[in-house]
Number of protein chains: 2
Amino acid sequence: MAKLKKSIEKRNALVKATIELVNNNGFHATPMSKIAKMASVSPATIYLYFENKQDLVNQTYVDMKAEYTKYAFETYKESMPVEEGFKLIWKRIADFKLKECESAMFLAQCDNTPMIDESSRQEGIKHLQPLLDLWGRGKKEGIIKPMSDYLLYAYSINPLSFLMISQKRGAFTLDKTHIEEAYEAAWNSIKNCK
Amino acid sequence: MAKLKKSIEKRNALVKATIELVNNNGFHATPMSKIAKMASVSPATIYLYFENKQDLVNQTYVDMKAEYTKYAFETYKESMPVEEGFKLIWKRIADFKLKECESAMFLAQCDNTPMIDESSRQEGIKHLQPLLDLWGRGKKEGIIKPMSDYLLYAYSINPLSFLMISQKRGAFTLDKTHIEEAYEAAWNSIKNCK
DNA sequence: AAAAAAAGAATGAACGTTCATTTTTAAATA
DNA sequence: TATTTAAAAATGAACGTTCATTCTTTTTTT
């Protein structure tokens with residue numbers, strides 16, 4: 001239970017190394033020994049902080065999901081009008097995916113593979129609640145299409161992951177103009193056209 | 001070089017087993033021995049058809065990408081008007097992701113991880129050319145927003161991957177109505193609003 | 001009967017994890 | 001404050017296992 005006292009910096013270094021190695025080589029090609037080396041730690045030390053490799057990846061996922069949503073909702077207030085609130089959150093998310101590109105890449109990889117345990121995945125989803133609440137409000141007010149949240153997410157949020165990955169692969173560069181265009185496309189796809 | 005003559009059924013069984021195991025367990029947890037067992041073949045036999053594990057996964061990826069795009073463009077003709085052509089291709093893609101769910105899942109996993117060699121990834125991209133040509137035509141005619149192809153893809157095609165994965169995870173079910181809504185959202189996000 | 005294909009068993013390397021030991025930290029004592 | 005001491009944290013080497021791949025033999029095909 002009480003696994004605290006131990007150096008939080010060491011834990012962070014391990015999480016960071018995990019992200020970097022999994023991003024670049026994939027889960028299947030990131031041995032614990034490399035993670036340890038990159039974190040300047042003995043392989044045995046990893047097991048003081050994490051149960052095993054799966055636990056390390058699970059915790060890294062949940063940690064990053066929390067960081068991601070914390071950033072996304074930091075400046076949002078439930079009192080905001082729907083459109084303003086959505087724009088704000090959307091921009092924060094776009095911002096995060098550009099600035100904290102490593103974390104975002106790792107999340108994208110986890111979300112599209114079976115590498116994370118189902119329970120950790122569920123835990124990650126919980127953090128998105130404020131956005132779902134905002135959409136619920138938007139639907140009630142007739143501002144947002146009365147669609148499944150999955151559809152709303154697929155069209156207004158998820159495309160950013162694809163763009164981020166394309167950018168990371170060097171295929172193209174996501175600049176300010178692109179972000180504006182992307183926001184328009186996102187909003188157009190979920191807003192209720194009168 | 002000439003690796004033909006050998007049973008094509010055996011090769012297909014290996015590719016199919018690879019897809020199923022990687023989909024369910026991830027690359028890191030699909031040993032060659034399991035692939036062999038599922039394909040009812042000796043582990044050594046795999047090496048008559050593929051150079052090594054990486055080559056097996058690469059070829060599986062390129063094969064599935066070819067199948068995917070063949071299906072997507074099968075009924076499309078370049079003589080079609082832009083909007084009609086897009087709708088047709090979009091529906092075929094949606095159809096493929098629902099019917100050939102296993103292949104589509106595998107492709108999604110490959111596209112979001114570093115598990116495929118860059119050269120195979122490039123080869124896979126080539127197959128999308130007809131869609132890019134259609135978009136080029138649409139932009140010239142002022143029907144489609146003058147955006148980067150990456151943005152067009154991110155908003156009009158890629159969301160289907162997210163929906164497919166959500167469906168596969170049992171989170172929700174993608175029915176006929178959803179597909180119609182999804183098409184509207186896709187078209188709204190890329191069409192040029194006058 | 002020769003060649004090609006397939007098989008199962010064998011191999012060596014790499015991996016996740018643990019063990020035995022040392023080093024560091026912090027509390028207790030003088 | 002300086003010294004001692006016990007617990008906690010950290011380590012490198014070792015362990016047992018699993019894996020991708022190869023080797024040798026058998027089966028199938030031509």
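Below, read A as the first sequence line, B as the second, and so on, with proteins coming before strands; counting in each chain starts at 1.
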Peer 1: Is the NZ or CZ atom of R92(B) positioned over F73(B)'s six-membered ring, under 6.0 angstrom from the centre and within 45° of the axis?
Peer 2: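 No, R92(B) does not sit over the ring of F73(B).
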
Peer 1: In residues 38-46 of chain A, which residues come under 4.0 Å of DNA chain D by heavy atom?
Peer 2: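 Going residue by residue through residues 38-46 of chain A, the ones with a heavy atom under 4.0 Å of DNA chain D turn out to be V41(A), S42(A), A44(A), T45(A).
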
Peer 1: Which atoms of nucleotides 15-18 of chain D (N or O only) lie under 3.5 Å from a protein N or O atom, and what are those distances?
Peer 2:
none

Peer 1: Please tell me if K10(A) has a side-chain N or O lying less than 4.0 Å from either OP1 or OP2 of dA10(D).
Peer 2: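 True: K10(A) side-chain N/O within range (under 4.0 Å) of dA10(D) OP1/OP2.
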
Peer 1: Please name all residues satisfying salt bridge (charged side-chain N to carboxylate O under 4.0 Å, His left out) with K37(A), sequence neighbours left out, ordered by chain then number.
Peer 2: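 Counting only residues at least two positions away or on another chain, K37(A) forms no salt bridge (charged side-chain N to carboxylate O under 4.0 Å, His left out).
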
Peer 1: For the atom pair NZ (K97(B)) and CD1 (I157(B)), what is the distance rounded to the nearest 0.5 Å?
Peer 2: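 Going from NZ on K97(B) over to CD1 on I157(B), the span is 8.0 Å.
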
Peer 1: Figure out the NZ/P separation between K37(B) and dA20(D), and round it to whole Å.
Peer 2: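 Whole-Å distance recorded here is 13 Å.
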
Peer 1: Among residues two or more places apart or on two chains, list those pairs meeting side-chain hydrogen bond (donor to acceptor under 3.5 Å, both in side chains) that have a residue in residues 113-132 of chain A.
Peer 2: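 Only N58(A)-D117(A), E118(A)-Q122(A), Q129(A)-D133(A) qualify under side-chain hydrogen bond (donor to acceptor under 3.5 Å, both in side chains).
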
Peer 1: Can you tell me if Y47(A) touches the phosphate of dC19(C), counting only side-chain N or O atoms and a distance under 4.0 Å to OP1 or OP2?
Peer 2: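 So the side chain of Y47(A) is outside the cut-off, no N or O lying under 4.0 Å from OP1 or OP2 of dC19(C).
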
Peer 1: Figure out the CE/C1' separation between M32(B) and dA7(C), and round it to whole Å.
Peer 2: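 Distance, rounded to whole Å: 15 Å.
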
Peer 1: Expressed as a whole number of angstroms, how long is the span from N52(B):CG to dT22(D):P?
Peer 2: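 Interatomic distance, CG of N52(B) to P of dT22(D): 9 Å.
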
Peer 1: In this structure, how many angstroms lie between the P atom of dA9(D) and the CD1 atom of I8(A), rounded?
Peer 2: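 These atoms are roughly 13 Å apart.
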
Peer 1: Going from OG on S103(B) to CD on E20(B), what distance comes out if it is rounded to the nearest 0.5 angstrom?
Peer 2: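 If I round to the nearest 0.5 Å, the distance is 11.0 Å.
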
Peer 1: Any pair with a residue in residues 147-160 of chain B that passes salt bridge (charged side-chain N to carboxylate O under 4.0 Å, His left out), sequence neighbours left out, goes on the list, sorted by first then second residue, please.
Peer 2: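 Qualifying pairs, neighbours excluded: K139(B)-D149(B).
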
Peer 1: Other hydrophobic cluster members with I165(A), side-chain heavy atoms of Ile/Leu/Val/Met/Phe/Trp/Tyr under 4.5 Å, chained?
Peer 2: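 Under the 4.5 Å side-chain rule, I165(A) groups with M105(A), M164(A).
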
Peer 1: Could you grab the distance from atom OH of Y68(A) to atom CG of L128(A), nearest 0.5 Å is fine?
Peer 2: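 One finds 6.0 Å between OH of Y68(A) and CG of L128(A).
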
Peer 1: Looking at DNA chain D, which of residues 12-28 of chain B put a heavy atom within less than 4.0 Å of it?
Peer 2: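 Hits under 4.0 Å, by residue number: none.
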
Peer 1: I need the CG-C1' distance between L48(B) and dG8(C), as an integer number of Å.
Peer 2: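 L48(B) atom CG is separated from dG8(C) atom C1' by 13 Å.
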
Peer 1: Can you run down the side-chain hydrogen bond (donor to acceptor under 3.5 Å, both in side chains) pairs that involve residues 174-183 of chain A, sequence neighbours left out, and say none if there aren't any?
Peer 2: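 Checked against side-chain hydrogen bond (donor to acceptor under 3.5 Å, both in side chains) - neighbours excluded - the pairs reaching residues 174-183 of chain A are K91(A)-E180(A), D175(A)-H178(A).
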
Peer 1: Check this for me, if you would: do K65(A) and D111(A) make a salt bridge, where the nitrogen-to-carboxylate-oxygen distance has to be below 4.0 angstrom?
Peer 2: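 Looking at K65(A) and D111(A), the cut-off is met.
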
Peer 1: So, using ring-ring contact (aromatic ring centres under 6.0 Å, His included) as the criterion, who are the partners of F162(B) when residues are at least two apart?
Peer 2: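 Partners of F162(B) by the ring-ring contact (aromatic ring centres under 6.0 Å, His included) criterion, ordered by chain and then number, come out as Y153(A).
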
Peer 1: Taking ring-ring contact (aromatic ring centres under 6.0 Å, His included) as the test, write out the residues that go with Y76(A), two or more places apart.
Peer 2: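 Checked Y76(A) against ring-ring contact (aromatic ring centres under 6.0 Å, His included); zero matches.
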
Peer 1: Name all residues meeting the ring-ring contact (aromatic ring centres under 6.0 Å, His included) criterion together with F27(A); count only those two or more places apart in sequence or in a different chain, and write none if there are none.
Peer 2: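 Expected list: H28(B).
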
Peer 1: Could you check how far CZ of F50(B) sits from C1' of dA20(D), rounded to whole Å?
Peer 2: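 Answer to the nearest Å: 15 Å.
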
Peer 1: Which atoms of nucleotides 28-30 of chain D (N or O only) lie under 3.5 Å from a protein N or O atom, and what are those distances?
Peer 2:
none

